[in-house]
Amino acid sequence: MGINLRQNKIEGSSAYGKYYPEVDQQKTLSLRGFAQHMTDHGSIYGRAIVEGVLMQITECLPELVAQGVPVQLGSLGTFYPTAEVKKDAAVPNIAAMDGLNPNDVVKAIHIRFLPDSTKLDNLCGPAFKDHCTLELRNIIATQKVVINGKEKSVTTLKPIATAVAEWKAQNGGSSTGSETGGSGSENSGGFDLGN
């Protein structure tokens, strides 16, 4: 799994100038592609059968969750519903519940996923990380640019190895100390790895 780093550019933040990890997400795999992947992993069923079962899951799971029924998919985890309240619409007291229409309080119903956390099949946070092989890839930055008179957000990627080599070239080859060459404060004016 590739890990990109993004610099915090919010001035006044205690994290200003520091770099935080983001997953380098790949192209989303379609249901058909997922079925083919499962078939390629030695399934005794062909892609069409696997895809048919997956299609049935995509139809039935939301139907059950919409009825308030959590659905556990084996050791993967559980899909379940949660309610989001409308702004300033919380019910103030029991008296206000008389004749209350839930649509006046509930803004949205979300389908949530809770990974399995049993000792045998733990897919939660730190435990799931153990299933991944991580590698640093890029510094990722989003900048506003004007194209044909319209402001757009453009994402740029710079390989971390390239940024580090450039930084070392500008700082005499040292990889210790602060980015500003000894001031002790990060990103207070020297070389910016995000540029």
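It should be emphasised that the depicted structure is a prediction, and the values quoted were computed from it without experimental measurement.
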* **Any residue meeting ring pair (Phe, Tyr, Trp, His ring centres under 6.0 Å) with H37, in chain and number order, not counting sequence neighbours** => H41
* For the student: nearest non-hydrogen atoms of N8 and S13, plus distance -> ND2-OG, 3.6 Å
* Asked: Is there a chain of hydrophobic side chains (I, L, V, M, F, W, Y, each step under 4.5 Å between heavy atoms) that links V69 to Y80?
  -> no
* With a 4.5 Å limit on heavy-atom distance, are the side chains of F128 and C132 in contact? -> yes
* About how many Å separate CG of L54 and OG of S30, when rounded to the nearest 0.5 Å? -> 10.5 Å
* Steps toward side chain to side chain contact (heavy atoms under 4.5 Å, CB included) verdict (E51, M38) -> CA-CA 9 Å; E51 187 174 349; M38 292 173 67; over 6 Å; no
* Answer yes or no: are there more than 12 heavy-atom neighbours, outside Q67 itself, under 6.0 Å from its atom CD? => yes
* Asked: Do L5 and M1 belong to the same hydrophobic cluster, where Ile, Leu, Val, Met, Phe, Trp and Tyr are linked whenever their side-chain heavy atoms lie under 4.5 Å apart, directly or via other members?
  -> yes
* To do: Measure across P62 and T58 and return the closest heavy-atom pair with its distance rounded to 0.1 Å.
  => CD-O, 3.0 Å
* Structure fact -> Distance col, row Q36:CD vs L29:CG, nearest 0.5 angstrom, shows 10.0 Å
* Asked: Can you check whether R112 reaches F79 side chain to side chain, under 4.5 Å on heavy atoms?
  -> no
* **Close side-chain approach of D24 and I3, heavy atoms under 4.5 Å** => no
* Heavy-atom pair with the smallest gap, counting every atom of G68 and P81 -> CA-CG, 4.0 Å
* N4 CG to L136 CG distance, which is reported to the nearest 0.5 Å -> 9.0 Å
* To do: Give a yes or no on whether I147 atom CD1 has more than 12 heavy-atom contacts from other residues, nucleotides or ligands under 6.0 Å away.
  => yes
* Structure fact -> So the ring-ring contact (aromatic ring centres under 6.0 Å, His included) pairs with at least one residue in residues 48-77 (sequence neighbours excluded) are none
* **Minimum-distance pair of heavy atoms, taken over all atoms of S153 and T142** => CB-CG2, 3.9 Å
* Asked: Should V85 and V105 count as side-chain neighbours, where that means a heavy-atom distance under 4.5 Å?
  -> yes
* Asked: Considering only heavy atoms from C-beta outward, does the side chain of L76 approach that of D116 to under 4.5 Å?
  -> no
* **Donor-acceptor pair, side chain of T162 and main chain of K158, under 3.5 angstrom** => no
* **Interatomic distance, L114 atom CG to L123 atom CG [nearest 0.5 angstrom]** => 10.5 Å
* Any salt bridge between E135 and R137, counting N to O under 4.0 Å? -> yes
* Applying the 4.5 Å side-chain criterion to the ILVMFWY set and letting contacts propagate, would I49 and M55 be lumped into a single cluster? -> yes
* Measure the shortest side-chain to side-chain distance between E22 and I140 over non-hydrogen atoms and say whether it is less than 4.5 angstrom. => yes
* What heavy-atom pair brings V106 and A83 nearest, and what distance separates the two atoms? -> CG1-CB, 4.4 Å
* 4.5 Å side-chain heavy-atom contact, I109 and T82 -> no
* **Between CZ on residue R47 and OG on residue S43, distance to nearest 0.5 Å** => 12.0 Å
* **ILVMFWY cluster, V164 and L134 together (side-chain gap under 4.5 Å)** => yes
* Is there side-chain contact between Y19 and I139, with heavy atoms separated by less than 4.5 Å? -> yes
* To do: Enter the distance from I111:CD1 to L64:CG here, rounded to the nearest 0.5 Å.
  => 10.5 Å
* Residue pairs, two or more places apart or on separate chains, that pass side-chain hydrogen bond (donor to acceptor under 3.5 Å, both in side chains) and touch residues 83-102 -> E84-H110, N101-N103
* Is the backbone N or O of V146 less than 3.5 Å from a side-chain atom of E151, with the two atoms forming a donor-acceptor pair by type? -> no
* Asked: Which pair of non-hydrogen atoms, one from A15 and one from Y20, has the smallest distance, and what is that distance?
  -> CB-OH, 3.0 Å
